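The structure under discussion appears below in the form of structure tokens.
Note on naming: letters A, B, ... go to the chains in the order of the sequence lines (proteins, then strands), and numbering restarts at 1 for each one. Excluded from the calculations below are hydrogen atoms, water molecules and symmetry mates; all remaining heavy atoms, backbone and side chain alike, are included. These numbers were taken from a predicted model, which means no experiment stands behind them.
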Amino acid sequence: MLDARFVRENIELIKKSLDDRHYPVEIGEFLQIEEKRLAFQRASEELRNKRNVVSEEIGRLKSRKQDATPQIEAMQSVADQIKALDDQIKALEEKTGAFLLNLPNIPHESVPPGKDESENVEVRRWGEPRQFDFEPLNHWDIGELLDIIDFDRGAKIAGARFSLMKGMGAKLERALMNFMLDLNTSKGYKEVFPPILVNRESMTGTGQLPKFEQELFRIADPEFYLIPTAEVPVTNIHRNEILNEQDLPLSYTAYTPCFRREAGSYGKDVRGLIRQHQFNKVEMVKFVTPETSFDEIESLTGNAEEILQRLELPYRVIALCTGDLGFSSAKTYDLEVWLPGQQRYREISSCSNFTDFQARRANIRFRRQGKKGTEFVHTLNGSGLAIGRTLVAVLENYQQKNGSILVPAALRPYMDIEVIQ
RNA sequence: GGAGAGGUGGCCGAGCCGGUCGAAGGCAGCCGCCUGCUAAGCGGUUGUGGGGGUAACACUCCACCCAGGGUUCGAAUCCCUGCCUCUCCGCCA
């Protein structure tokens, strides 16, 4: 969320931002409503001041057993006026609040302009796609041939876009989680294991609600939301808190299952593990001071890249353009891993700087040493990495002619075997 | 699931038969004084958000005693709803 006063005073910047994002929002009304709201607020406060002064006098009179009837009668109408004004203020606030909640973050100046994903910019590549002396298989074929991924039974148990990991497939999944958590904690990230059902406030704090309700699984009674990413519970660790400058940056890593409706993606990636309703992910989340956040996104992305490097999986780094940038993000790098079965790079991580956008929604502040007042922190997060897609990449990149899978060296301590067959 | 207690400032903790309570007291922090040093002692000071104001301070107004409603001229104090914590009983592990 952006600050109401900031929007009031920087309306041209907001217009440009929305334009860059190709994000149509009607902002004409906002300024007028705000003006009205402020005028009503001033009027209401003036009346309250009057009421406070007279009420105090009434108290004094009564304690001296003197008559206060005229004062009380005069204040009755004032109370009514205040109430009427406050009702109007509340109605106006609802409008401006809804408007602000649906306003996306402002892209950073370094974000390449563009209308959609076709104009994203490749920043760098790492590793060479392997040359196969046979026709590489898709991971779903590999998974079924080795009997380590069972899509039919996943569908029987739950439905489409669910799968059952078996034997070495399940173990590989677990090995990847542990490998990533160990690497991240060795880089200074604190491991946490948060709730995966969260309340409405948390979902609003990180920006999933109210705009993206249709993406989420919800439990009706009592009301809970299933997290679509660990970003939600982990960022909300510090919701409504004031942190100390010397404690920043705070870095967390968490493994959680993630749940997504994937509404509107019918027909996309229907086969395989790429797009599931439930998937595992290790996430990294940072709380930093404003002046460091654009350096932090580079190091955060570097941390995610190192996971792929250690697994020796070829990938490229993509800078999302303004038109493809997520709602809450000011800048995002996607990591895309090479999938031989599909002969293309596929997203495996997304690293974003949300600047103070989430922090303002979630009210996460910090105090500078020796200074009065508070500021909003900047929050960042990145997948490090999506487990299911990493497993896909391992299967497809490490497949051998005889149908077996070579276990990447980095994972052998976690797998106790060298080959899945 | 049944019964009860409670949620107050950075922390502890009074107030809770409505009025001068932004809130006693203690601790912690900060600034002075004192002291050969440390400790103790003495005095002062310390929240957040939003308006107005200022070059920036100052200053000033409003709101905030878990959250949201209500009663009242006036609510930390009374009423309702929700959330959370704790205790006992029951149930399940």
Side-chain angles (χ1 to χ4, degrees), chain A residues 1-10 30-101 194-195 197-205 209-210 218-225 233 236-248 250 356-377:
Chain A
M1 173 162 72
L2 300 172
D3 180 47
R5 189 164 40 183
F6 179 83
V7 175
R8 287 203 299 268
E9 292 167 1
N10 296 278
F30 175 76
L31 286 178
Q32 289 147 33
I33 295 174
E34 271 287 280
E35 223 166 277
K36 213 161 153 191
R37 201 204 93 212
L38 286 172
F40 284 167
Q41 186 184 325
R42 278 190 287 270
S44 168
E45 286 184 357
E46 214 168 291
L47 288 173
R48 278 166 194 271
N49 179 232
K50 189 169 165 193
R51 185 182 70 183
N52 288 345
V53 171
V54 176
S55 288
E56 219 171 283
E57 191 191 337
I58 293 170
R60 259 194 309 268
L61 289 172
K62 289 222 163 180
S63 69
R64 282 193 237 119
K65 302 273 190 270
Q66 290 175 332
D67 181 44
T69 314
Q71 283 86 347
I72 291 176
E73 276 172 4
M75 284 308 100
Q76 278 165 351
S77 73
V78 171
D80 289 343
Q81 290 175 52
I82 291 173
K83 197 168 189 179
L85 277 172
D86 286 354
D87 285 347
Q88 293 192 68
I89 290 169
K90 204 196 239 174
L92 294 173
E93 270 175 351
E94 255 163 53
K95 280 193 194 174
T96 57
F99 173 84
L100 289 170
L101 279 175
L197 297 183
V198 301
N199 55 33
R200 198 175 175 86
E201 290 71 41
S202 291
M203 280 296 180
T204 307
L209 289 177
R218 188 179 63 181
I219 295 172
D221 185 25
E223 185 179 81
F224 284 113
Y225 291 87
N236 277 284
I237 287 174
H238 294 298
R239 174 155 51 89
N240 290 331
E241 289 186 15
I242 299 174
L243 307 168
N244 292 317
E245 183 184 17
Q246 58 267 37
D247 294 333
L248 302 178
L250 280 169
D356 60 359
F357 189 85
Q358 289 181 330
R360 185 172 291 106
R361 282 179 170 239
N363 192 28
I364 307 169
R365 293 168 292 169
F366 76 103
R367 210 189 304 275
R368 290 200 193 267
Q369 229 161 348
K371 277 205 175 172
K372 278 186 74 92
T374 59
E375 292 175 52
F376 289 110
V377 301

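Within the nucleic acid shown, A:R365 comes within 4.0 Å of sugar-phosphate atoms alone, with no base atom in reach, counting heavy atoms only. Note on A:N199: nothing from the nucleic acid sits closer than 4.0 angstrom, heavy atoms only. Within the 4.0 angstrom heavy-atom criterion, only backbone atoms of the sugar-phosphate kind lie near A:R8; the bases stay farther away. Counting any heavy atom pair closer than 4.0 Å across all strands shown, A:Q71 reaches no nucleic acid atom. When heavy atoms are screened at a 4.0 angstrom cut-off, A:S44 is found touching no nucleic acid atom at all.
In this structure, the separation between CD1 on A:I58 and CG on A:D67 is 10.5 Å, given to the nearest 0.5 Å.
Contact check, A:N52 against B:A63: a side-chain N or O comes under 4.0 Å of OP1 or OP2. The phosphate of B:G50 has neither OP1 nor OP2 within less than 4.0 Å of any side-chain N or O from A:R37.
What separates CG of A:N49 from P of B:G52 is a distance of 16 Å, to the nearest Å. Between the P atom of B:C73 and the NZ atom of A:K83 lies a distance of 11 Å, rounded to the nearest Å. In this structure, NZ of A:K50 is placed 15 Å from C1' of B:G74, rounded to the nearest angstrom. When rounded to the nearest whole Å, the span between CZ of A:R42 and P of B:A63 equals 17 Å. We find that CZ of A:R200 is positioned 16 Å from C1' of B:C83, with the value rounded to whole Å. Separating the CG atom of A:D86 from the C1' atom of B:G51 is a distance of 14 Å, rounded to the nearest angstrom. Atom CZ of A:R51 and atom C1' of B:G19 are 13 Å apart (whole Å).
Salt-bridge annotation for A:E241 and A:R365: absent, with no side-chain N of the basic residue lying under 4.0 Å from a carboxylate O of the acidic one. We find that A:R48 and A:E45 are not joined by a salt bridge, their nearest charged nitrogen and carboxylate oxygen being 4.0 Å or further apart.
With 3.5 Å as the limit, one finds no donor-acceptor pair spanning the side chains of A:S77 and A:D80. Residues A:R361 and A:N363 have side chains that never bring a donor and an acceptor to within less than 3.5 angstrom of each other. With 3.5 Å as the limit, one finds a donor-acceptor pair spanning the side chains of A:R239 and A:S202.
Under the 4.5 Å side-chain criterion, counting only non-hydrogen atoms from C-beta, A:F376 is not in contact with A:D3.
B:C17 and B:C78 have their P atoms separated by 6 Å, given to the nearest Å. Taking atom C1' on both B:A75 and B:G15, the two are 13 Å apart, rounded to the nearest angstrom. Here the separation of B:A39 from B:U54, taken at their C1' atoms, is 46 Å to the nearest Å. Using atom C1' as the reference point in both B:U71 and B:U81, the two lie 15 Å apart (nearest Å).
Side-chain proximity of A:K62 to the nucleotides B:G19, B:A63, B:G74 is greatest for B:G19. Distances were taken from every side-chain heavy atom of A:R48 (C-beta onward) to each of B:G51, B:U48, B:C62; the shortest belongs to B:C62. Here the side chain of A:R367 is nearest to one of B:A63, B:C62, B:G47, namely B:G47. For A:Q41, whose side chain is taken as the heavy atoms from C-beta onward, the closest listed nucleotide among B:G69, B:G50, B:G74 is B:G50. Each of B:U71, B:G50, B:G74 was ranked by its minimum atom distance to the side chain of A:R5; first place goes to B:G50. Of the candidates B:U71, B:G74, B:A63, B:G74 carries the atom nearest the A:S55 side chain, counting heavy atoms from C-beta on. Of the candidate nucleotides B:G49, B:C73, B:G50, B:C73 has the atom nearest to the side chain of A:I58. You'll find that the side chain of A:T374 is closest to B:U48, out of B:U48, B:G50, B:C73. Looking at the side chain of A:E45, the nearest of the listed nucleotides B:C61, B:U20, B:C73 is B:C61. Side-chain proximity of A:Q76 to the nucleotides B:G51, B:G69, B:C73 is greatest for B:C73.
Of the nucleotides present, B:C12 is the one that pairs with B:G25 by Watson-Crick or G-U wobble criteria, both distances under 3.5 Å.
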